[in-house]
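Take a look at the structure set out below.
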Amino acid sequence: MNAMLSIDWNAIGNKIWVWLTSKTALLIYAGLVLVLIIAVVVRVIIAEFNRVAALKNALEGDEKSERQQILETARKTIEEELEPVKDLACRNVVVPQAVNGAPSPVASEGEAEDDGGSRFYMLTEIDKYYEKYTPPKYDEEMSLKEICEEFRNYSAGALKLYYDIEDIRRFIGGLAVTKLIILQGMSGTGKTSLAYAFGEFLDNKTVVVPIQPMWKERTDLVGYYNEFTRKFNETTLLYKMYEADYNDEIYITVLDEMNIARVEYYFAEFLSLLEIPNADGRNLDVVADKREDDPKLLQSNGKLRLPTNMWFIGTANNDDSTFAISDKVYDRAMVLNLDKKAVPFEVKEYGQKKISSKRLEELYIRAQREFDITDRNMRRIKKLDEYMIKTFHITFGNRIMKQIKSYVPVMVACGGSEVEALDDILSRKVFRKLESKNPVYVKQMADATCSYLDELFGENKLPLCKEQIRLIEQNV
């Protein structure tokens, strides 16, 4: 007891306190706190990781279940959609007659189509129809001039559509030059109706193909093979092209608002084929091969002959919603500007005429033989070509010269004059190219060029060519 009392507890307490408050002790305290903090953080991280893993597993389970449910719903929907197709194999369908007697593209009750049938349903129906086809009686006596006059009278009398005789001549004359005609002009001047009226006049309905802005390739025009249905999606144009290969009718196809998409994209293959001189070489790709039950006129390599009795009439507007037509297209086409409405007139007698494409081609060949361009005008054309090369670096070229030699005689046979026909085609095919030249330079040379035209062909004999020059001059 005495020993305990003899201990200096105050001194011991002071020593302990000194040690507890020393730097070493503080470092120990900090280390312990740090260890505790790390332990807490690690525990929190492990707990969060476990929570996230559990949530992920739960979500994956829900997603897998939901995906299975969606796939099951889609499977049931597809089975419901295919049910009518399955029933079609057990039902009979029939194709109603079109205006010309040929079967319509629309199917209804009567003839059988099943999953084992041809992938070209509409085209094989045409094959069946033409097994018993009898050609109509064509009018073989009409001249080109009479065709122009009769067509104009029919449009006015039956359809109340009025056109100047000069525009009718240009339209008929353009058909002699190329299979592609471009009708330009303000809205409401009768671009689409002119082509429509010509089909009505021939008693063979005009096909109107409304061009869509997203079109980029030929399948947009003729269709494509559907791998899912194992059928070919046939378009009205493909149907009419196939039908045209069976007969001698004149077929008019309107590419309505043709420049709302790029013509040189969706119509590229047609442009190339129409340049081939031999008509038997104008074969359009349809499918990669031919099967045993494919249409009769489909070739062994899956190509279809482009019909020689079909003309394409494109209507073009120039506004913010359309594309500019390239020189490649303009050079291959004939252009007709419809800038004004004709004055209405009364017609007492009018009617439809059945004219075969063979007869029309014969009239064109005869006109080009009987009304060949005179040597005097050929010399003028040669001099004008030399002047345009020297002044504007523009040449007529072989294609344009061929078009001039085809167009001018036909225009004369239609009732026009040779110089007027030259003025028309030169303004459309040659002087139009001045639009791509330096407008300031064209303006500087405008007076001299107009004077040269007067000197070469006569005073004001080429008003359309001069108008084209003055129009560019005014726009500078």
Side-chain angles (χ1 to χ4, degrees), residues 166-167 170 173-174 177-178 180-186 259 263-264 316-320 322-340 373-408 411-412 416-476:
E166 291 83 2
D167 289 333
R170 289 167 182 156
V177 177
T178 177
L180 177 61
I181 313 294
I182 298 177
L183 303 182
Q184 296 183 150
M186 297 180 295
N259 61 332
V263 184
E264 57 273 20
N317 295 315
N318 296 318
D319 54 44
D320 294 338
T322 60
F323 293 96
I325 299 177
S326 66
D327 278 346
K328 175 183 177 180
V329 179
Y330 272 129
D331 287 347
R332 288 162 172 78
M334 279 298 293
V335 182
L336 174 60
N337 287 346
L338 297 177
D339 297 322
K340 59 183 179 180
I373 302 176
T374 61
D375 293 339
R376 182 183 183 186
N377 280 329
M378 285 301 298
R379 289 193 298 269
R380 288 170 168 171
I381 292 173
K382 184 178 179 180
K383 290 182 179 179
L384 179 60
D385 188 22
E386 294 171 352
Y387 176 85
M388 296 299 289
I389 294 173
K390 180 180 178 181
T391 309
F392 300 106
H393 301 289
I394 292 175
T395 182
F396 286 29
N398 294 331
R399 180 188 288 116
I400 293 179
M401 281 304 305
K402 182 180 178 181
Q403 292 172 346
I404 291 173
K405 291 179 180 179
S406 299
Y407 182 75
V408 174
M411 285 291 288
V412 175
S417 70
E418 187 169 291
V419 175
E420 289 174 348
L422 280 172
D423 181 32
D424 182 58
I425 193 169
L426 289 175
S427 66
R428 307 283 181 255
K429 309 298 292 186
V430 178
F431 286 88
R432 183 197 61 80
K433 293 179 179 292
L434 292 176
E435 295 175 358
S436 62
K437 299 298 178 180
N438 186 336
V440 177
Y441 178 72
V442 174
K443 181 177 181 179
Q444 291 175 349
M445 299 302 298
D447 291 337
T449 303
C450 290
S451 298
Y452 183 77
L453 292 177
D454 289 340
E455 177 186 341
L456 191 60
F457 287 90
E459 189 73 22
N460 292 325
K461 293 295 184 180
L462 301 184
L464 295 178
C465 293
K466 294 169 69 174
E467 179 183 347
Q468 186 74 28
I469 298 171
R470 296 302 184 188
L471 184 61
I472 298 173
E473 180 185 24
Q474 292 173 7
N475 291 334
V476 175

Under the salt bridge (Lys or Arg N to Asp or Glu O under 4.0 Å) test, residues paired with Lys461 that sit two or more places apart: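 Expected list: none.
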By salt bridge (Lys or Arg N to Asp or Glu O under 4.0 Å) - contacts of Arg470 (at least two apart): Asp447, Glu473
Student check: side-chain heavy atoms of Asp454 and Asn460 closer than 4.5 Å: yes
Mind checking what makes side-chain hydrogen bond (donor to acceptor under 3.5 Å, both in side chains) contact with [X], not counting sequence neighbours?
X      : answer
Glu418 : Thr374, Asn377
Arg428 : none
Glu435 : Gln468
Asn337 : Gln184

Who are the side chain to side chain contact (heavy atoms under 4.5 Å, CB included) partners of [X], not counting sequence neighbours?
X      : answer
Tyr441 : Thr391, Phe392, Asn438, Gln444, Met445
Asp331 : Asp327, Arg399, Arg432, Lys433
Ser417 : Glu420
Glu467 : Leu464

Would you give me the side-chain donor-acceptor pairs under 3.5 Å for residues 381-390, sequence neighbours excluded?
| residue | atom | partner | partner atom | Å |
| --- | --- | --- | --- | --- |
| Asp385 | OD1 | Thr395 | OG1 | 3.4 |
| Asp385 | OD1 | Phe396 | N | 3.1 |
| Tyr387 | OH | Thr449 | OG1 | 3.2 |

